[in-house]
Amino acid sequence: GNDDGNGDDGVFEDKVITVNGVSFTMKAVNGGDFYMGAQKEDPNAPNYDEEAWSREAPVHQVTLSNYYIGVTEVTQELWKAVMGYNPSHFEGDQRPVEQVTWYNAKEFINKLNQMTGMSFRLPTEAEWEFAAKGGNDSQGYKYSGSDIIGDVAWYSGDDKKTHDVMTKKPNELGIYDMCGNIMEWCNDIFGDYSSEPQIDPTGATSGSDYIIRGGCCLSAEEYCRMTIRSFLSPGGTSYGIGFRLALSL
């Protein structure tokens, strides 16, 4: 059937979902192997980046299953269609929703799941990084979709405001705004990486902070790198932080 993400011919393809008249697209990301994280110790080892922070290491191999991720961040229009109010500082229907805590994101997802009968969730940190890098189609860019930050990201070199989604270029998978515009909550508790190979990792098992990724409209270029790991308490909020949706098959 179609409810498992596979048509009768077994094709794994994007899903368009409409809720209260607002449509959004979930990108089908074929799983695979990649090196997660970054390091500045050895130029000949994987994911060398002279700007890498210690918490981006150790670089480790991750294998991911197929999943879906939002083509854009959750917009204010979609948030309002589900929640009935708008918490955002920079208002605009097609701008990403912001000033939402991790708990707020979870509340939105619970309501969305009730309305659609689906099982949306926040992406794991590994799913976020793999998608940002272009998945199996990755060209090895510095930012999500380009080596030139201004092509793909709203960042501090601009006007320090959020902008409508999809106004910069998409990355290799056709996903927008993974660097810049807003930072994005992930499902994972923040903790140190393991050097061991991981399959569908879900983050630390305990801790008080949750992962946010991707840099925002207030961020300098180095904070928009795809491997940089930021974190915040789940009750924290900022007009530089929102989220995008994920979905398992």
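Start at 1 with the first residue, then count along the sequence.
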Self-check item: Residue pair Ser144, Ile175: steps toward the side chain to side chain contact (heavy atoms under 4.5 Å, CB included) verdict
Solution: CA-CA 9 Å; Ser144 184; Ile175 301 170; over 6 Å; no
Exercise. Start with the C-alpha distance between Trp154 and Thr162, add both sets of side-chain angles, then the distance that settles side chain to side chain contact (heavy atoms under 4.5 Å, CB included), and finish with yes or no.
Key: CA-CA 7 Å; Trp154 295 104; Thr162 63; over 6 Å; no
Quiz item: Can Leu112 and Val82 be said to form a side chain to side chain contact (heavy atoms under 4.5 Å, CB included), step by step?
Solution: CA-CA 6 Å; Leu112 179 63; Val82 173; 4.0 Å; yes
Practice problem: Applying side chain to side chain contact (heavy atoms under 4.5 Å, CB included), run through Ile17 and Phe120 and close with a yes or a no. | Solution: CA-CA 11 Å; Ile17 294 98; Phe120 292 100; 3.9 Å; yes
Practice problem: Assess whether salt bridge (Lys or Arg N to Asp or Glu O under 4.0 Å) is satisfied between Glu56 and Arg225, documenting all intermediate values. | Solution: CA-CA 11 Å; Glu56 297 170 44; Arg225 293 181 302 107; 2.7 Å; yes
Exercise. Test Asp151 against Lys168 for salt bridge (Lys or Arg N to Asp or Glu O under 4.0 Å), laying out the working first.
Key: CA-CA 6 Å; Asp151 287 352; Lys168 296 275 188 172; over 6 Å; no
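Judged by distance alone, the side chain of Asn136 and the main-chain N or O of Asn30 form a donor-acceptor pair under 3.5 Å. Between the Glu129 side chain and the Gly37 main chain, a donor and an acceptor come within less than 3.5 Å of each other. Within the 3.5 Å criterion, the main-chain N or O of Glu196 finds a donor-acceptor partner in the side chain of Ser194. A donor-acceptor pair under 3.5 Å links the side-chain atoms of Asn86 to the main chain of Ser88, judged by distance alone. In this structure a side-chain-to-backbone donor-acceptor pair under 3.5 Å is missing from Asp137 to Gly134. Proximity of a side-chain donor or acceptor of Trp185 to a complementary backbone N or O of Pro123 within less than 3.5 Å is not detected. Remark: side-chain polar atoms of Asn20 are paired, donor with acceptor, to backbone N or O of Ala81 under 3.5 angstrom. Checking side-chain atoms of Asp200 against main-chain N and O of Ser65 turns up a donor-acceptor pair under 3.5 Å. When atom types are taken as modelled, the side chain of Asn171 and the backbone of Ala132 share a donor-acceptor pair closer than 3.5 angstrom. Checking side-chain atoms of Gln61 against main-chain N and O of Pro197 turns up no donor-acceptor pair under 3.5 Å.
Side chains of Arg229 and Phe190 form a contact here, defined as non-hydrogen atoms less than 4.5 Å apart. Looking at Cys186 and Leu122, their side chains never come closer than 4.5 Å, going by heavy atoms from C-beta outward. Leu64 is listed as a side-chain neighbour of Phe34, based on a closest heavy-atom distance under 4.5 Å. The side-chain heavy atoms of Ile211 and Ser230, taken from C-beta on, include no pair separated by under 4.5 Å. Looking at Val19 and Phe24, their side chains come closer than 4.5 Å, going by heavy atoms from C-beta outward. In this structure, the side chains of Leu247 and Met118 come closer than 4.5 Å at one or more pairs of heavy atoms. A heavy-atom distance below 4.5 Å is not found between the side chains of Asn66 and Val29. Taking the side chain as every heavy atom from C-beta outward, Phe108 and Val97 never approach each other to under 4.5 Å.
The closest side-chain donor-acceptor pair between Asp33 and Thr63 falls under 3.5 angstrom. Looking only at atom types and distance, the side chain of Ser248 has a donor-acceptor partner in the side chain of Arg121 under 3.5 Å away. Between the side chains of Gln99 and Thr237, no donor-acceptor pair is found at a separation under 3.5 Å. Tyr193 and Arg55 form no side-chain donor-acceptor contact under 3.5 Å, judged by distance and modelled atom types alone. If you check the side chains of Glu221 and Tyr143, you find a donor sitting under 3.5 Å from an acceptor. For the 3.5 Å distance criterion, the side chains of Asn187 and Lys106 qualify, holding a donor opposite an acceptor.
Taken from CG in Asp177 to NE2 in His163, the straight-line distance is 10.5 Å, to the nearest 0.5 Å. One distance of note links CZ of Arg95 with CD of Glu77; it measures 14.0 Å at 0.5 Å rounding. Atom CG in Asp14 sits 3.5 Å away from atom NZ in Lys27 (nearest 0.5 Å). Taking CE of Met36 as the start and CD of Gln198 as the end, the distance is 9.0 Å to the nearest 0.5 Å. With values rounded to the nearest 0.5 angstrom, Glu184 atom CD is found 10.5 Å from Cys216 atom SG. Expressed to the nearest 0.5 Å, how far CD1 of Ile148 lies from OH of Tyr141 amounts to 9.5 Å.
When all heavy atoms of Pro87 and Val100 are compared, the closest pair comes out as CG-CG1, 3.7 Å. The nearest pair of heavy atoms linking Gly174 to Val71 is O-CG1, 3.6 Å. Taking each heavy atom of Ala153 and Cys179 in turn, the nearest pair found is CB-O, 3.2 Å. For the pair Asp209 and Ser233, the tightest heavy-atom approach, listed with the atom from each and the gap, is OD1-N, 3.2 Å. Heavy-atom minimum distance, Leu173 versus Ala131: CD1-O, 4.0 Å. Annotation for Pro201 and Val62: closest pair CD-CG1, 3.7 Å, computed over non-hydrogen atoms.
Side-chain heavy atoms closer than 4.5 Å link hydrophobic residues (I, L, V, M, F, W, Y) into clusters, and following such links, possibly through other members, connects Leu245 to Ile212. There is no path of hydrophobic side-chain contacts, each under 4.5 Å, that joins Tyr67 to Met26. Tracing side-chain contacts under 4.5 Å through hydrophobic residues (I, L, V, M, F, W, Y), one never reaches Tyr239 starting from Tyr103; they form parts of separate clusters. Hydrophobic clustering places Phe243 together with Ile241 (ILVMFWY residues linked when any side-chain heavy atoms are closer than 4.5 Å, directly or through intermediates). Criterion: ILVMFWY side-chain heavy atoms under 4.5 Å apart, direct or through other members. Under it, Tyr176 and Val152 are not part of a common hydrophobic cluster.
Taking the centre of each ring, Phe12 and Tyr68 come in below the 6.0 Å mark.
Between Trp79 and Tyr85, the ring-plane angle classifies as perpendicular under the 30° and 60° cut-offs. The aromatic rings of Trp53 and Tyr223 sit perpendicular to each other, their planes meeting at more than 60°, with 30° as the lower class boundary.
Of the candidates Glu127, Glu125, Glu73, Glu125 is the only one forming a salt bridge (Lys or Arg N to Asp or Glu O under 4.0 Å) with Arg213.
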